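Here is the naming used below: chain letters follow the sequence lines, and residue numbers restart at 1 for every chain. Computed from a prediction, not measured in an experiment: that's the story for all the values here.
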2 protein chains.
Amino acid sequence: MVAVKRVVGCRVADPDVEGLVDILIEAGRIREILPASGSPAGAGDLDACGMVAVPGLTNAHTHTPLSLMKGAAEDVSVDDWFNKRVWPMEMNLTPERVKIGARLACAEMLLGGVTGFADHYFFADQIAAAAQELGIRANIAPTFFSEAGGASRERAFDQTRAIVEMDSRLVTASVGPHAPYTVGDDDLRLASDLARSLGVRIHIHAAENMQQTESSLERLGCTPMTVLERTGILDAGVLIAHGGGIVASDREVLEPAAERVSVACCPKVYFKHDIDPITPVRLLHEWGISVGAGTDGAAGGNTLDVWEAMRWTALAQKRQEHDPLFLPVSDAFALGTRGGATAASHSNAGVLRAGAVADIVLVDVSGPHCQPIHDLTATLVYSVRASDVHSVIVDGELVVRARQLCNAELAEIVEEARATAPELVKIRPGEAVQHYAP
Amino acid sequence: MVAVKRVVGCRVADPDVEGLVDILIEAGRIREILPASGSPAGAGDLDACGMVAVPGLTNAHTHTPLSLMKGAAEDVSVDDWFNKRVWPMEMNLTPERVKIGARLACAEMLLGGVTGFADHYFFADQIAAAAQELGIRANIAPTFFSEAGGASRERAFDQTRAIVEMDSRLVTASVGPHAPYTVGDDDLRLASDLARSLGVRIHIHAAENMQQTESSLERLGCTPMTVLERTGILDAGVLIAHGGGIVASDREVLEPAAERVSVACCPKVYFKHDIDPITPVRLLHEWGISVGAGTDGAAGGNTLDVWEAMRWTALAQKRQEHDPLFLPVSDAFALGTRGGATAASHSNAGVLRAGAVADIVLVDVSGPHCQPIHDLTATLVYSVRASDVHSVIVDGELVVRARQLCNAELAEIVEEARATAPELVKIRPGEAVQHYAP
């Protein structure tokens, strides 16, 4: 591991900061941001000449091991995506395969400037190991369905406890009930009890689309948000994945819990699967709830590109609100940075300021697709590609240097994934981890 | 200029072709595609080991010089975008600045695997010179507004004639009336007469959104498509930019002209400026009209990334049709390749087959965001980034080799753009090339 003491001579995407700066780092945190001293980079320094430093992006909702299935479930309805493709394919999961998928995902994210992610999946210990190996910040929610029984729930709870006990600087946990339509109220109550007792949050799919909200109203007489409220989930604190079915009347339960609730918006999968409306960002922001941009799993979204997720969240929200002035570039940039970090319970991350964790990305904006620059934040939101990421620091350690992973061999990670992938997509009729019928 | 005789040992994105192939090139055309011989790359050969060969992408609608204004008109309404930002800024145009912007745009496109584009702009000779210098295929429509007077129209017509007379292999022309709301019927008739006499098509903005269609119905009693029909534009052949306001009743005039009509869909700007509905691709396809993916100018869309335009056209169309099965990956890929080439009047382009022009892009799909590959076409549509483009051949000549331009210095192009950009965005109250009031 290579600790960085100083990032030397970069621009920052802050309209209040003129000229070049040096960023001083100590014990994994930003100690100070100063006008550039002009002294050359020495030992422990990272030369950032010509680069723009931004806070690391955070992927607000993903399922890293599904990176092994990208492209294996295209051009299907949501029902078929779950019931004929992904949930049957997930029967092929083993701890080894989960780790292979998670390593691939962590590699893609780090090389693309993503310094943290909120994961929701099985075999959480394997994901934790991959994140620690590659040096990326992760909040992992071990998943369970009620139908799989109490033992399955307890196994997931134990995995959350085990990660909490690791007391890692990089890897933290949430409690991971799958969704209100696959997890009963009793189990949701147990989940919120556990979260409160451990001092962690819950990460759950809820009101993923309007159909789920309508179905909940029909079956239970209340919206999914009310289910989260009455089972203590909102009180414990929660990251809600998607929330396209959150409605105006949910204000009553959401607004009082605003500071404990985040929502992840993953635009690519909404368009692919015709989910309309999508996460109501304007409403959520009005209620004081933070929103982060996410990619969902690559079995749906194909990539873990948070630049794309941030950009298309902003564009899709302008369209949804019929207001081209909504989410100006500075607010759009926050969806991928501060908003994502809050979603992933990564406190004091997603910003460049003294005292924040030193999760820093150096972006090379010299390409013809970025130049000329009239508005640096607009460049970051609407022009920069994941491939413009040059170097990445997580928790003060250099994890990507000049577009190369520092802690693992990319070629080996990719080769392992290629060798395993064919086993993942074998489907056996009648076998699936769960049936989708929200 | 480096002519390529053979592309050696690549995969192709054609489900009917197994294993590796060699692509033989002669006189700017693909002579034959054969199973790979296994013989090593020699003189005149391009080693494509590990790469995927795809037909070059085509940008179906853009304004290349606006690349100098990227990021200078963010978070504004469509009206303000035109009237307070871009049309006033365009007063700063000079032939020299247009060339600087066009060179920057051509560089971005070639490095991103775009081998051709349909442009609509002023100072067309400068754009033509930039395209020839860098080695990219271009169809350029010299723009005019009726309000600027007959001399302005004749100047634009002369520019179209001049490009036709160049008889270039790479650069061709269209006739470029701006739009039915800025060009009167008499001028549209003169435009279609000229197009017919020169054997070229027209490139025009029309029915850009539903508001324009409604306004046309109110003012003229007919839709913009009927205006194109009665002024001879459909008969002469036309590339229609946007067409979000094309309605079912337009079938009567469009279907009979289907083989002469194309439409460009530029999704990024539609979302940014809240244009809803967007280009009705399903309807157009049903009528036999080809659709290409475009970026529009970078003053609106920020980048000239046709991978992004193709991907988000497909995703936005699934959503608009409420049908996740619409535009399966092979049809989506055609939006960026065959569809775009047809839009730009680039005949026999956008496909890899014997007899087609040798516009070939080698894509490196080894990155963690592309791997593993379960469906190569899905990888190309939903995972590949412009930065995965490794080498590019246009008309049989190598124009990008190992991510570097062959015919110009990128650093010089970018520096020239940076130096010029501040002059472009100076706005003088009351001055604009035109007023937007469709």
Side-chain angles (χ1 to χ4, degrees), chain A residues 67-72 74-78 81 104-105 107-108 111-112 268 270-276 301-305 312 315-316 318-319 321-325 327-329 366-369 371-376 378-379 382-383 385-388 410 413-414 417-418 420-421 425, chain B residues 67-72 74-78 81 104-105 107-108 111-112 268 270-276 301-305 312 315-316 318-319 321-325 327-329 366-369 371-376 378-379 382-383 385-388 410 413-414 417-418 420-421 425:
Chain A
S67 284
L68 293 175
M69 299 179 192
K70 61 183 72 141
E74 298 301 338
D75 305 317
V76 292
S77 67
V78 174
W81 189 88
L104 179 70
E108 176 184 351
L111 290 166
K268 205 169 175 185
Y270 306 154
F271 282 83
K272 207 189 230 187
H273 295 141
D274 179 32
I275 290 164
D276 184 8
N302 302 73
T303 57
L304 306 180
D305 182 340
W312 282 91
L315 291 170
K318 285 173 183 290
R319 176 52 133 34
E321 296 300 326
H322 298 305
D323 182 3
L325 280 65
L327 279 174
V329 291
S366 67
H369 56 292
Q371 292 290 335
I373 297 174
H374 293 290
D375 174 340
L376 181 55
T379 307
Y382 290 122
S383 294
R385 305 172 188 146
S387 53
D388 295 324
L410 178 62
I413 290 173
V414 167
R418 290 170 59 144
T420 308
V425 295
Chain B
S67 284
L68 292 176
M69 299 180 193
K70 62 182 71 142
E74 299 301 338
D75 305 316
V76 292
S77 67
V78 174
W81 189 88
L104 179 70
E108 176 184 352
L111 289 166
K268 204 170 176 186
Y270 305 154
F271 283 83
K272 206 188 231 188
H273 295 141
D274 179 33
I275 289 165
D276 184 7
N302 303 73
T303 57
L304 306 180
D305 182 339
W312 283 92
L315 292 169
K318 286 174 183 289
R319 176 53 133 32
E321 296 300 326
H322 297 305
D323 181 3
L325 280 67
L327 280 176
V329 290
S366 67
H369 56 292
Q371 293 290 336
I373 296 173
H374 292 290
D375 174 341
L376 181 54
T379 307
Y382 289 123
S383 294
R385 302 172 191 147
S387 53
D388 295 324
L410 179 62
I413 290 172
V414 167
R418 290 170 60 144
T420 308
V425 295

Please give me the minimum heavy-atom distance between Asp75(A) and Pro328(B), naming the atom from each residue. OD2-CA, 3.2 Å
Minimal non-hydrogen separation, Asn302(A) against Ala378(B), with atom names: ND2-O, 4.5 Å
Does the cation-pi check pass for Lys268(B) over Tyr382(A), that is, NZ or CZ under 6.0 Å from the six-membered ring centre and within 45° of its axis? no
The interface call for Arg418(A) against chain B, heavy-atom contacts under 4.5 Å, is both
Between Leu104(B), Thr379(B), Asp375(B), Ile413(B), which has the largest tally of heavy atom pairs under 4.5 Å with chain A? Leu104(B)
Pro372(A) and Ser67(B) have their tightest heavy-atom pair at CD-O, 3.5 Å
Interchain contact, Leu327(B) with chain A, by part (heavy-atom threshold 4.5 Å): backbone
Chain B heavy atoms under 4.5 Å from Gln371(A): which part of the residue, side chain, backbone, both or neither? both
Max heavy-atom pair count under 4.5 Å with chain B, selected residue of Val414(A), Asp305(A), Ile373(A): Val414(A)
Looking at every non-hydrogen atom in both residues, tell me the closest pair between Pro324(B) and Lys272(A) and how far apart they are. CB-O, 3.4 Å
For residues Trp312(B) and Phe271(B), establish whether the separation of their ring centroids is below 6.0 Å. no
Side chains of Lys318(A) and Asp323(A) in contact at under 4.5 Å (non-hydrogen atoms): no
Mark yes or no for whether His369(B), through its side chain, and Ala105(A), through its backbone, hold a donor-acceptor pair below 3.5 Å. no
His273(B), Glu321(B), Glu74(B): which one forms the most heavy-atom pairs within less than 4.5 Å of chain A? Glu74(B)
In terms of heavy-atom proximity below 4.5 Å to chain B, should Leu304(A) be classed as side chain, backbone, both, or neither? neither
Largest heavy-atom contact set with chain B, pairs under 4.5 Å, which of Leu315(A), Thr303(A), Leu111(A): Leu315(A)
Of the backbone (N, CA, C, O) and the side chain (C-beta and beyond), which part of Ser383(A) lies under 4.5 Å from a heavy atom of chain B, both, or neither? both
What part of Val76(B) gets closer than 4.5 Å to chain A, counting heavy atoms only: side chain, backbone, both or neither? backbone
Part of Ser387(B) lying under 4.5 Å from any heavy atom of chain A: both
Checking Leu325(B) against chain A: side chain, backbone, both or neither under 4.5 Å from a heavy atom? both
Please determine whether a side-chain nitrogen of the Lys or Arg among Asp276(B) and Arg319(A) lies less than 4.0 Å from a carboxylate oxygen of the Asp or Glu. yes
Portion of Ile275(A) that has a non-hydrogen atom of chain B nearer than 4.5 angstrom: backbone
The interface call for Asp388(A) against chain B, heavy-atom contacts under 4.5 Å, is neither
